[in-house]
Asker: 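Handing you this structure, nothing more for now.
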Protein chains: 2
Amino acid sequence: MKTENRKTEIVRVAAHLFKEKGYSAVTMRDLAKTMGIKAASLYNHIESKQSILQDIIVSIAEEFTQGMSSILAESSNSIDKLNKIISLHVTIASKNADGMAALNTDWMHLEDKLNYYLDLRNSYEENFRKIIQAGIDNNEIKNENVEVILFSLLSTLRSLYLWIPKKENLNEAQLASSLSHILIKGINT
Amino acid sequence: MKTENRKTEIVRVAAHLFKEKGYSAVTMRDLAKTMGIKAASLYNHIESKQSILQDIIVSIAEEFTQGMSSILAESSNSIDKLNKIISLHVTIASKNADGMAALNTDWMHLEDKLNYYLDLRNSYEENFRKIIQAGIDNNEIKNENVEVILFSLLSTLRSLYLWIPKKENLNEAQLASSLSHILIKGINT
DNA sequence: GTCTATAAAAAGATAGAC
DNA sequence: GTCTATCTTTTTATAGAC
């Protein structure tokens, strides 16, 4: 469409506002004001507030799904797979911290696409869990509770969006490397 | 006051709703319906919607501040202190998962108490950072980037509220112990 | 593509009866 | 302590002029 660029801009600005206050607390007037136009004018480019949220969340969720798919297709060992998952999260959170915020904190406000998002998320977590379990089975990973390991890793990776924008002096490769050491090898001397 | 018990109940139910949809998306009518009364009746017990959020967040933030204070007062080594911080988070998240959700995701909707909350949070993080740095200085903790270690630990601990309610078969002591092993000693064999 | 005007619904909160 | 009724403001979204 002709208005695709303007629409992309609206979605990007909306994601930024959603990160600051959350989807429900951001009004179409807030968004319009930031864009420098009136609220009614937004509707020439987007269908609804809800459609903006869908655009943001679904595109990132699919990006994670595709990333996991690539990782699974490779024949590397479990620790290699975990390192690739860490890099995947660092890359996506670096590129789109605002969108990651919406995915993490506003997914429950999805309407039509809620079940689709939940399916993608459950699949992702299940694949992650299997990688950890395989690592335990072949003695690459300590025999701790799988759910606690999964929770611990995912919590850190899912929070990257909060933290990456504040630490711009660390590049993606350095951050992924540092995270890999800390998450996998621990912090104890 | 005579209505203190009813007020406590309202705050508790509100925290539960806030966890599901966030502060902004929960209406006074939603809250009233869950309580089995009309919205207007709520105002006989609470001052405003905002005062409910304040009650939830400030009490937990002060609990963390007090817990950190106790930990600092002890003369244990850095790893001991980290383990006590882990237990502190497990205890509070187990006791009040709903309130932890509000503290983590709705603090930005605080009005009068926003700066007070931010001061407590900054203090907490600064104390946490100093414990990690001291551990690095005396060779208890690996010489990795302090900010990445702090971020990684805090991300996991702050997300406990999402996860604890789903895993009721793990008691607090077991969870704290398992988390301690994973976060401090890593998962690599 | 943006505007003004406005519709229709939903929000937080209060007044006063019971 | 809860109700009905209502006020005031705010919200998403549409219609139609420019």
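As a basis for the values below, the full set of heavy atoms in this structure was taken, side chains included, without hydrogen atoms, waters or symmetry mates. Letters A, B, ... mirror the listed sequences (proteins, then strands); counts begin at 1.
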Asker: Can you tell me the distance, in whole Å, between the CD atom of Q50(A) and the P atom of dT11(D)?
Answerer: 18 Å
Asker: Are any of the side-chain nitrogens in R129(A) or E147(A) under 4.0 Å away from the carboxylate oxygens of its partner?
Answerer: yes
Asker: Check the phosphate of dG1(C) against S41(A), side-chain N and O only, distance under 4.0 Å to OP1 or OP2. Yes or no?
Answerer: no
Asker: Which nucleotide, dT4(C), dC3(D), dT12(D), lies nearest any side-chain atom of M28(A)?
Answerer: dT12(D)
Asker: Please determine whether a side-chain nitrogen or oxygen atom of Y43(A) lies at a distance below 4.0 Å from atom OP1 or OP2 of dA13(D).
Answerer: yes
Asker: Is the cationic atom of K19(A) (NZ for Lys, CZ for Arg) positioned less than 6.0 Å from the six-membered ring centroid of Y161(A) and within 45 degrees of its normal?
Answerer: no
Asker: Rounding to a whole Å, what distance do you find between R29(B):CZ and dA9(C):P?
Answerer: 14 Å
Asker: Separation of K38(B) atom NZ from dA11(C) atom C1', in whole Å?
Answerer: 16 Å
Asker: Can you tell me the distance, in whole Å, between the CG atom of N44(B) and the P atom of dG1(D)?
Answerer: 6 Å
Asker: Quick check on the 6.0 Å ring-centre criterion: do H89(B) and Y124(B) meet it?
Answerer: yes
Asker: Given dT11(D), dC3(D), dG12(C), which nucleotide is nearest the side-chain atoms of T27(B)?
Answerer: dG12(C)
Asker: Please give, in whole Å, the distance from dT12(D) C1' to L17(A) CG?
Answerer: 16 Å
Asker: May I have the distance from D30(A) (atom CG) to dT11(D) (atom C1'), rounded to whole angstrom?
Answerer: 11 Å
Asker: Please pick, from dT14(D), dA13(C), dA5(D), the nucleotide with the shortest atom-to-atom distance to any side-chain atom of A40(B).
Answerer: dA5(D)
Asker: Side chain of R6(A), base of dG1(C): donor and acceptor closer than 3.5 Å?
Answerer: no
Asker: Taking 4.0 angstrom as the limit, do R158(B) and E125(B) come out as a salt bridge?
Answerer: yes
Asker: Without decimals, in angstroms, what is the distance between E111(A) CD and dA13(D) P?
Answerer: 9 Å
Asker: What's the NE2-P distance between H45(A) and dA13(D), to the nearest Å?
Answerer: 15 Å
Asker: Between E144(A) and I187(B), is any pair of side-chain heavy atoms under 4.5 Å apart?
Answerer: no
